[in-house]
Number of protein chains: 2
Amino acid sequence: MHLLNDNLGTVMRISELARRAGMSAHTVRYYEKVGLLTPSQRTESNYRVYNKDDVITAEFIKRSKECGFSLSETASLLAIKNDKSQHVCAEAKQITQTKIIEIAAQIENLKKMQNTLTELEAFCCGGQESAEFCSIISSLEQET
Amino acid sequence: MHLLNDNLGTVMRISELARRAGMSAHTVRYYEKVGLLTPSQRTESNYRVYNKDDVITAEFIKRSKECGFSLSETASLLAIKNDKSQHVCAEAKQITQTKIIEIAAQIENLKKMQNTLTELEAFCCGGQESAEFCSIISSLEQET
DNA sequence: TTTGACCTTAGATGTTACTCTAAGGTTTAT
DNA sequence: ATAAACCTTAGAGTAACATCTAAGGTCAAA
């Protein structure tokens with residue numbers, strides 16, 4: 001069963017959906033396995049068939065990930081998107097605020113590392129001298 | 001065979017080492033499995049026995065992790081520490097510089113996410129209104 | 001002597017998010 | 001007609017870093 005002639009441009013198979021959303025077909029199947037993205041139908045030969053809404057959902061997942069949301073947070077956001085009338089803004093805002101705080105903490109932590117590393121780097125000669133007195137190594141050996 | 005009376009304070013078993021280095025005994029065994037931290041000896045009953053050098057090594061691993069180094073990078077640093085005369089400062093500095101660049105990239109990425117999320121958050125009313133027109137959800141649905 | 005804290009091992013499990021493989025069936029174009 | 005490109009499944013593998021379990025052995029103190 002072919003589908004391109006029946007619904008030109010409106011339905012597609014997995015590769016095309018993957019291409020449009022900027023992910024691999026493998027990943028699309030994985031998202032289906034974890035319940036994020038189910039094809040709207042199947043062909044007679046059991047091929048997955050996606051429509052425009054599925055493309056929007058796939059792109060939604062992509063953007064959500066780019067914003068730093070995990071797949072399970074993305075699932076929560078998708079639940080809101082898929083049944084908007086049963087959800088309120090406060091829910092989406094809550095998820096977003098929690099993530100903002102989480103990311104701020106991650107940034108803080110990385111900055112601390114960055115400061116430590118920059119100090120370590122600054123003190124090390126970095127030359128062909130023996131590591132016997134390397135300041136990086138000795139700093140890691142004990143509190144100073 | 002007991003050991004505390006023989007070498008008071010200088011040798012210890014796994015729990016004590018773990019306590020001093022601020023990690024679990026499980027983790028210490030895991031570090032041994034991946035080749036990072038081998039006990040200097042064993043008792044007759046096959047208990048692991050650690051000495052002061054092992055404590056330094058354990059703390060080294062802990063600090064290295066706190067600086068953001070992976071276990072495999074930590075292994076490289078430990079190799080330098082354990083045979084300093086055969087290594088030069090340049091090696092330690094190289095590892096450090098690479099990590100600094102890596103962390104800087106991570107921070108950049110998180111900041112981008114933070115900006116996006118902050119914008120999303122600012123536009124959302126966050127109230128008990130239906131999510132029908134939620135700006136967070138609709139932003140994720142399509143490029144605007 | 002017996003309780004409780006500690007130790008041993010190999011190996012299973014968990015997390016997150018994929019990524020790939022094997023072995024085969026389908027579709028399209030030439 | 002046949003080759004290339006696509007699709008299917010279950011399930012294994014990857015990375016990084018542990019964390020836990022089962023089944024048992026050891027040790028110190030009351």
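Labels below follow one simple rule: chain letters A, B, ... track the order of the sequence lines, proteins then strands, and each chain is numbered from 1.
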I need the OH-P distance between Y50(A) and dC6(D), as an integer number of Å.
16 Å

Look at S45(A) and dT27(C) and indicate whether a side-chain polar atom (N or O) is within less than 4.0 Å of OP1 or OP2.
yes

With the side chain counted from C-beta on, respond yes when I80(A) and I136(B) share a heavy-atom pair under 4.5 Å apart, and no when they do not.
no

From CZ of R13(B) over to P of dC27(D), roughly how many Å is that when rounded to an integer?
8 Å

Length of the line joining Y47(A):OH and dC7(D):P, which is rounded to integer Å:
7 Å

Report yes if a side-chain nitrogen or oxygen of R42(A) is closer than 4.0 Å to either non-bridging phosphate oxygen (OP1 or OP2) of dT9(D); otherwise report no.
yes

Going 5' to 3' through nucleotides 14-21 of chain C and flagging B where a protein heavy-atom sits under 4.0 Å of the base, S where only the sugar-phosphate is that close, and - otherwise, we get ---BBBBB

M12(A) CE - dC7(D) P separation (whole Å)
12 Å

Are E66(A) and R63(A) close enough for a salt bridge, meaning some N to O gap below 4.0 Å?
no

Which whole-number value in Å describes the distance from I14(B) CD1 to dC27(D) P?
16 Å

Please tabulate, for the side chains in residues 94-106 of chain A, all donor-acceptor contacts under 3.5 angstrom to protein atoms that are two or more places apart in sequence or on a different chain.
unit_1	atom_1	unit_2	atom_2	d
Q94(A)	NE2	T98(A)	OG1	3.0
T96(A)	OG1	A92(A)	O	2.8
Q97(A)	NE2	E121(B)	OE2	2.8
T98(A)	OG1	Q94(A)	O	2.9
K99(A)	NZ	G68(A)	O	3.2
K99(A)	NZ	E73(A)	OE1	2.9
K99(A)	NZ	E73(A)	OE2	3.3
K99(A)	NZ	E102(A)	OE2	2.9

Length of the line joining E44(B):CD and dC7(C):C1', which is rounded to integer Å:
15 Å

With a 4.0 Å cut-off on N to O distance, would you call R29(A) and E32(A) a salt bridge?
no

Compare all side-chain heavy atoms of I14(B) with those of Y47(B) and state whether any distance is below 4.5 angstrom.
no

Interatomic distance where CD belongs to E32(A) and P belongs to dG11(D) [whole Å]:
16 Å

Pairwise side-chain contact, E59(B) with V55(B), heavy-atom cut-off 4.5 Å (strictly under)
yes

d(CG, N46(B); P, dA10(C)) in whole Å:
10 Å

Under 4.0 Å between a Lys/Arg side-chain N and an Asp/Glu carboxylate O for K112(B) and E108(B)?
no

Would you say R48(B) reaches dT8(C)'s phosphate, i.e. side-chain N/O to OP1/OP2 under 4.0 Å?
yes

